[in-house]
Protein chains: 4
Amino acid sequence: MDYFNAPGRNHLFVPGPVNIPDQIIRAMNRNNEDYRSPAIPALTKTLLEDVKKIFKTTTGTPFLIPKTGTGAWESALTNTLSPGDRIVSFLIGQFSLLWIDQQQRLNFNVDVVESEWGQGAKLDVLESKIASDTAHTIKAICIVHNETATGVTNNLAKVRQILDSYRHPALFIVDGVSSICALDFRMDEWGVDVAITGSQKALSLPTGIGIVVAGPKAIEASKTAKSLRVFFDWKDYLKFYQLGTYWPYTPSIHLLYGLRAALDLVFEEGLENVIARHNRLGTATRLAVEAWGLKNCTQKEEWHSDTVTAVVVPSYIDSAEIVRRAWKRYNLSLGLGLNKVAGKVFRIGHLGYLNELQLLGCLAGVEMILQDVGYPVKLGNGVAAASAYFKNTIPLIPSRI
Amino acid sequence: MDYFNAPGRNHLFVPGPVNIPDQIIRAMNRNNEDYRSPAIPALTKTLLEDVKKIFKTTTGTPFLIPKTGTGAWESALTNTLSPGDRIVSFLIGQFSLLWIDQQQRLNFNVDVVESEWGQGAKLDVLESKIASDTAHTIKAICIVHNETATGVTNNLAKVRQILDSYRHPALFIVDGVSSICALDFRMDEWGVDVAITGSQKALSLPTGIGIVVAGPKAIEASKTAKSLRVFFDWKDYLKFYQLGTYWPYTPSIHLLYGLRAALDLVFEEGLENVIARHNRLGTATRLAVEAWGLKNCTQKEEWHSDTVTAVVVPSYIDSAEIVRRAWKRYNLSLGLGLNKVAGKVFRIGHLGYLNELQLLGCLAGVEMILQDVGYPVKLGNGVAAASAYFKNTIPLIPSRI
Amino acid sequence: MDYFNAPGRNHLFVPGPVNIPDQIIRAMNRNNEDYRSPAIPALTKTLLEDVKKIFKTTTGTPFLIPKTGTGAWESALTNTLSPGDRIVSFLIGQFSLLWIDQQQRLNFNVDVVESEWGQGAKLDVLESKIASDTAHTIKAICIVHNETATGVTNNLAKVRQILDSYRHPALFIVDGVSSICALDFRMDEWGVDVAITGSQKALSLPTGIGIVVAGPKAIEASKTAKSLRVFFDWKDYLKFYQLGTYWPYTPSIHLLYGLRAALDLVFEEGLENVIARHNRLGTATRLAVEAWGLKNCTQKEEWHSDTVTAVVVPSYIDSAEIVRRAWKRYNLSLGLGLNKVAGKVFRIGHLGYLNELQLLGCLAGVEMILQDVGYPVKLGNGVAAASAYFKNTIPLIPSRI
Amino acid sequence: MDYFNAPGRNHLFVPGPVNIPDQIIRAMNRNNEDYRSPAIPALTKTLLEDVKKIFKTTTGTPFLIPKTGTGAWESALTNTLSPGDRIVSFLIGQFSLLWIDQQQRLNFNVDVVESEWGQGAKLDVLESKIASDTAHTIKAICIVHNETATGVTNNLAKVRQILDSYRHPALFIVDGVSSICALDFRMDEWGVDVAITGSQKALSLPTGIGIVVAGPKAIEASKTAKSLRVFFDWKDYLKFYQLGTYWPYTPSIHLLYGLRAALDLVFEEGLENVIARHNRLGTATRLAVEAWGLKNCTQKEEWHSDTVTAVVVPSYIDSAEIVRRAWKRYNLSLGLGLNKVAGKVFRIGHLGYLNELQLLGCLAGVEMILQDVGYPVKLGNGVAAASAYFKNTIPLIPSRI
């Protein structure tokens, strides 16, 4: 069932699911095991400890729930809030929109703060809402750290600062799906109460684990939150954590071993080096876009994302055609524009276990495709801009010096 | 992170997660892919068609939801029922108990019909309830086809017959987690409205796909069911089925390719041959238990399960010690007794892609362990009983004749 | 191209190629690499050091040559001997016969000492030849440690003792293909000059590395040996060892990583524990054969092999039919009788990363097959004999205590 | 034992061992099997038939011998020639030099025709030798189709034409290690008598199978050739071909399944498309080299190789430093200059299952490294030249149209 074979390696540059390192593929290449034997709890214990490190938290409680990011959202909300609770939520692109849709369907009272797509969350609006909410009717702030649809990174430190300025007790709930373990994320320092990510993003695993980390305030809130939940209920996990068997229901043995390998890779490279590498790839991509004379969908530098770049195409070009040709002719997988920016942007994901030459191959491909669809780019220009930057910034590979 | 290595192959005889055939391991040994490329929808289309065959339905709509059986339960309930709805549910062991716990926490009005553990669902009680429910206050019957904790198989045909006798419109919702694709299950013939299974059971995949198939009446019910749901909502799936892109959120590429391989294996062997093989393994296990002079937890032959056998140990033995020694000395994984039967039974799973000699190795191991813990079994007796049966029933392997 | 699929796991009980542990399969699950990068020499260095440990030598020089055991034989001979050289060689079964055929075709003057198949090498004949060879015309003694065709293990310590008694300088060349790393083998203590094994035997890798270890006297001999050789020439290896790049031509990257994993497994279990486990499996197999009322092809206990047992069938049975039925009906792979013992024996390999329950499954299968072909065995008897022995001898798994 | 990890994918651009397609990695991800069961002969039969197609022969007899190219050379020579036989052999680079060294050590009378490295075989010299050899003292012509050290492709059709012109019966023995299945090779049309390749080259497998195909004249010659040989002897193979069991000694099960997958991939893409893709990659590489202002080691266009390009660096640069930096800083594996061209050239392998964007990533890397080592290349220039060519020549991927 590999109907669509093409020679050579697929160049996977969507912002998730991302390339899986060979070390992880190997770690998952195994039979099932009894998850009630002593082996799996022992493994799980190391995972729960180590996952906290990539969230930069010592006080959080992690849950590795068998589901996707969408489920992780739901878990974050239903464990901490009750139907009718007022939450402030920022709509800045397709994924924040989907989350807001979920919030509304779960019967929360969602106070939507919308931005133009390509802009970050309106934190000034947040400030005025918080300032005026002396009655503390706002129970939670929900924000995506990195909007995957537009390549916009929000300033989470600022959110914390606003809440602190007004001593507002609202929960601070963060979608870190396309950020955590790739961008600088500091759960404890920023006082994030719930943060989530998915296995198929920066951790470079297959889809299947929604990682939710709950801070102490969130755990406390979960004791009284009235939203109905069973599969997503942290309580069941906490009970099994106490027992030392860890799993209220069957986990994926494969993803646990895969996660072990993924964390080992992160620590071997060094989390800060991982973040620096993503910054290097993001910067180079932006330089290439500039060299092509195209616009970044992200309107200001402060919002630039180091994990995905949404590139705006001229109005006479259908960006979906770029994505189609990339796949049909170059074995290159790019991200489509979604919803409001469908046809207007295509996305280059530079998330996960990628290196510079992989990105340069992708950029060289994009240049050819741009010509294919009639945009007058000069071949080699984007690559030159990106490699000029790389040339001065790539370090020697530590293990090979 | 393989702290607990032991020489040779682990003998995995828990009733899930079960042994993964090499063909499936190979199929999953791959990088991620863009799930929005044409390849994944094309693959998904074949899976949805073929999954129906193992449920023996032509009218059902399958959903391959990234979650475990616990999530599949929740999906079956919240999509078809509204809070407060009365459901009749049968408590016959740990898994039906957990499902009932879920039903109650989801605010349904659960009419629990309890049996002694080791007995099947009390269908006579069902009949009287149905007979008297002329007002049709019962909205659904929830029943496990095969209770994994006690090795009890319920008679689903009988449930349908009762409902039909009284022309009762209650939804017929079946947990087929440890039955479908191993025991005889007939969704259409038995008028099952929702049936679920999990990837890590008879299909022999890693944990991660909750397979839910909804019949037409269930789909109709989902349009008005008022239980809150988002991640589990069939509506989102149905919308993407219409679009032909199939996935409202990121699926596991690996499990999709794995499921393709799993279905291919089933069809290659023949579904009826798969069921016959499970019957052969189940029968042989029961003969061995008898030869050992031990009792099957399942109290009557009509309830005997072909996927798991719970073996009752004498009161002077702690069955958990059997499971521990199996793992510590023989690299054999057996199932613990759970809850009411903890310490009293151990379980031999004979579910999935197993053959006769694998089972005989397991039985030989159990014999030694029984001696280890002080039960006076004669070595070789159970194996002899099982192999005498096998000798007369194993067919030649069709591909090798 | 898996034409001959059968449900469940293949029970592989031929004496090579043997079952590959999952850890090794994982280690080999990778892309190629440049073997001239610093990584492969660094890896190779560890392998050469560690391989010596399983030969129990500190003075030997190992060569990991891309070939099978047949090539390893040729390498051992052509590097140390010159055409016309007189060698004493023991014919005790099919593999010693093939080696002698090779020796003759390579133009050595082979002094064949033949035993009845099922008996060990006639060391008394060796002694008389050595005693009378005061002129030292005998340049080498060639002997298989373990004859895989008949399950006969020769006494190598005795060979050394004979040579030493007469201060005879003949090279002592040993085929350890089905012994080294499974049976007790002591290169230095026994003064073995060249010893060989193959990757697909006790080391449990795929076929592809012929492992040859040459002692100092053999290395010295190689400087003057006149047999033509290029591919097999140690000189080219020694030159690249000096350079620190190790490989005169392209090695298999996969087998190098696989060998690393294989050696790690051996050291983790402990070489003496590996040998003890093989003794346990061999003893149990012999007890089962006895319980079946069948004869071991090996005629005396002193020659019993712990890696393979050749079982003699009654004259009215064709042993090849046993092997065929094993494969056709039970997914069990047994070894055929070869050449003189074709049709008369079948072989149970108990070599490699096997545990006790795996063997018991195999024995249970053999019992059914024996009945199938008309031999009146009582089912369960062999299993009972083997498990009675196991019950008293299997240790707890160290990592799981 | 992955000491030298680096983020992202290794860019493997040595001319062997080459990148292994995922399909092949999957096919080899398996346990051992009994090679004497019916499965392996059935598989082997298909391989022997299909291997002939990539050699473009219908009359040849293929041998899949467990060894490397060096062993394949030896097999070709010792099976067809006798010690002292005169052979004409062309020295044009490191690999032809090694082959000649082997020929001499095997006691053939080698008539070496040397070219400057970077030039093709001197076929005019061949013609004069053949013309004057009316006594037919020349028994064989040995020539590499593609010299991997210098990137020089010889004109084999011309060799045949010379032999035919003079009706000379010399055997025509071809090293096709870095050509067959990537360059246009026509065994039957060109009257090649023995042709060899290795699994780790165009077929994109691990190292381990030396593929030798012998034409009818070579098979005839093997009946009288007097070179000693056992492991390499075709006779043993032919005997087992007759028996239908195919293997005189244990093959690598993994490489057989891998070869099946490799051949399937070639036929799926189409052999002519594979050759065209290599021509596309070779041409683009040469255009990049030109754009960088550097010289191709290959001195004339007629000798240009489509599988490897040796790039001459200015005298003030050490080419080995380029290779070292590629690995240390960019996770890029390039080929060293060997022997006479050590330090003077580095090599870009464009052999195997590669696509255009992979090559462009490599070229972008080389540009940065050239700057690193002080060569004043303009970044992006080589990529631009290559992609301008690609843009006009890459076809749509057939399976994706």
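Proteins get letters first, then strands, A, B, ... in listed order; numbering begins at 1 in each. Here the structure is a predicted model, which is why all the values come from computation and not from measurement.
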Ranked by heavy-atom pairs below 4.5 Å to chain C, first place among Arg325(B), Gln371(B), Glu367(B) goes to Gln371(B)
Per-residue contacts, residues 385-397 of chain B versus chain C, heavy atoms under 4.5 Å: Ser387(B), Ala388(B), Phe390(B), Lys391(B), Asn392(B), Thr393(B), Ile394(B), Pro395(B), Leu396(B), Ile397(B)
Do you know which of Ala364(C), Gly361(C), Cys362(C) has the most heavy-atom pairs under 4.5 Å to chain B? Gly361(C)
Roughly how far, to the nearest 0.5 Å, is CZ of Arg329(C) from CG of Leu357(B)? 11.0 Å
Go through the atoms of Asn273(C) and report whether side chain, backbone, both or neither lie under 4.5 Å from a heavy atom of chain B. neither
Side chain, backbone, both or neither: which part of Asn331(B) has an atom under 4.5 Å from a heavy atom of chain C? both
Residue part contacting chain C, namely of Gln358(B), when any heavy atom lies under 4.5 Å: both
For Leu359(C), is it the side chain, the backbone, both, or neither that has a heavy atom closer than 4.5 Å to a heavy atom of chain B? neither
Which atoms of Ile25(B) come close to chain C, meaning under 4.5 Å heavy atom to heavy atom: side chain ones, backbone ones, both, or neither? neither
Between Asp22(B) and chain C, with a heavy-atom cut-off of 4.5 Å, which part of the residue counts as in contact: side chain, backbone, both or neither? side chain
Is it the side chain or the backbone of Arg9(B) that comes within 4.5 Å of chain C heavy atoms, both, or neither? both
Heavy-atom distances under 4.5 Å only: say whether Asn381(B) touches chain C with side chain, backbone, both or neither. neither
Side chain / backbone / both / neither for Arg324(C) at chain B, heavy atoms under 4.5 Å: neither
Arg400(C) side chain to Trp327(B) backbone, donor-acceptor under 3.5 Å: yes
Closest approach of Asn355(C) to Pro7(B) (non-hydrogen atoms, all atoms of both residues): ND2-O, 3.1 Å
Going from CE on Met368(C) to CD on Glu356(B), what distance comes out if it is rounded to the nearest 0.5 angstrom? 7.0 Å
Which of Arg277(B), His11(B), Glu269(B) touches chain C most, by non-hydrogen pairs under 4.5 Å: His11(B)
Looking only at non-hydrogen atoms, find the nearest pair between Gly380(C) and Ala384(B) and report the distance. CA-CB, 4.0 Å
